[in-house]
Each structure stands twice: as structure tokens, then as C-alpha cells.
Undergrad: 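My questions all concern the structure below.
None of the values given here were measured: they were computed from a predicted structure.
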Amino acid sequence: MWRNFEFNPEQVTEYIRCWFAATEESLDSALVHSKNSRFKELIQNSLRFRMLCQIWQMGGRWPETPARLFGEFVD
């Protein structure tokens, strides 16, 4: 059985640093300053957070729901 664990805030920051060599601060800053608590819940899931990192890296927009996150990722 496969299980997807949630990230804590420190793991989110570490993941960003590992994913982005030079641009991690802009994503980290955007996450810290986001007032959307629902969005912050989205990134606790490691799969959804990985998808967000890829969307961010490609210049995509911020998805606010899981459906938009998956839609943006597929596009």
C-alpha cells in the first residue's frame, strides 16, 4: 500500500531549496506571504506540492483548489 505523507513547514522550505537551485526564495516568499489558508493546505501534500513546484518553475499561475492544481499541471 502506498501512502502520501503531509509536509510540515520546515519540510516545505527544504523541498523548495532542493527543487530550485537559484529561485527558491521567490517561491518560498510567495508561500510565506500567501493569505490563502486553503492554498497552504494544498501544499502539505507531497504530490500536490511537487506539482506546484513544477507549475511555478514553468511560470504557471497559482491554483487555489486541487482541481485547478491538477488542471494547471496537465496543461
Side-chain angles (χ1 to χ4, degrees):
M1 185 169 141
W2 184 76
R3 185 169 176 206
N4 202 9
F5 293 99
E6 293 184 354
F7 281 140
N8 63 43
E10 293 80 24
Q11 290 171 315
V12 167
T13 300
E14 182 62 26
Y15 191 88
I16 291 170
R17 287 189 182 129
C18 291
W19 183 275
F20 301 99
T23 61
E24 78 274 355
E25 290 183 19
S26 61
L27 177 58
D28 193 34
S29 177
L31 293 173
V32 167
H33 293 98
S34 174
K35 293 182 175 145
N36 187 339
S37 63
R38 188 163 185 206
F39 179 75
K40 289 181 180 184
E41 290 173 13
L42 279 177
I43 64 169
Q44 289 178 342
N45 177 284
S46 58
L47 175 62
R48 291 183 300 211
F49 189 59
R50 187 234 179 257
M51 293 168 66
L52 174 68
C53 286
Q54 187 164 351
I55 290 167
W56 180 268
Q57 189 173 34
M58 298 180 76
R61 61 176 186 219
W62 285 88
E64 294 184 18
T65 66
R68 287 188 179 167
L69 174 69
F70 285 99
E72 184 74 20
F73 183 76
V74 169
D75 289 342

Undergrad: Nearest 0.5 Å please: distance from the CE atom of Met58 over to the CZ atom of Phe73.
TA: 9.0 Å
Undergrad: Please list, chain by chain and in numerical order, all residues satisfying side chain to side chain contact (heavy atoms under 4.5 Å, CB included) with Gln11, sequence neighbours excluded.
TA: Phe7, Asn8
Undergrad: Considering all heavy atoms of both residues, which atom of Leu69 and which atom of Met51 are nearest to each other, and what is their separation?
TA: O-CE, 4.2 Å
Undergrad: Check whether Val74 and Leu52 end up in the same hydrophobic cluster, where Ile, Leu, Val, Met, Phe, Trp and Tyr are linked by side-chain heavy atoms less than 4.5 Å apart.
TA: no
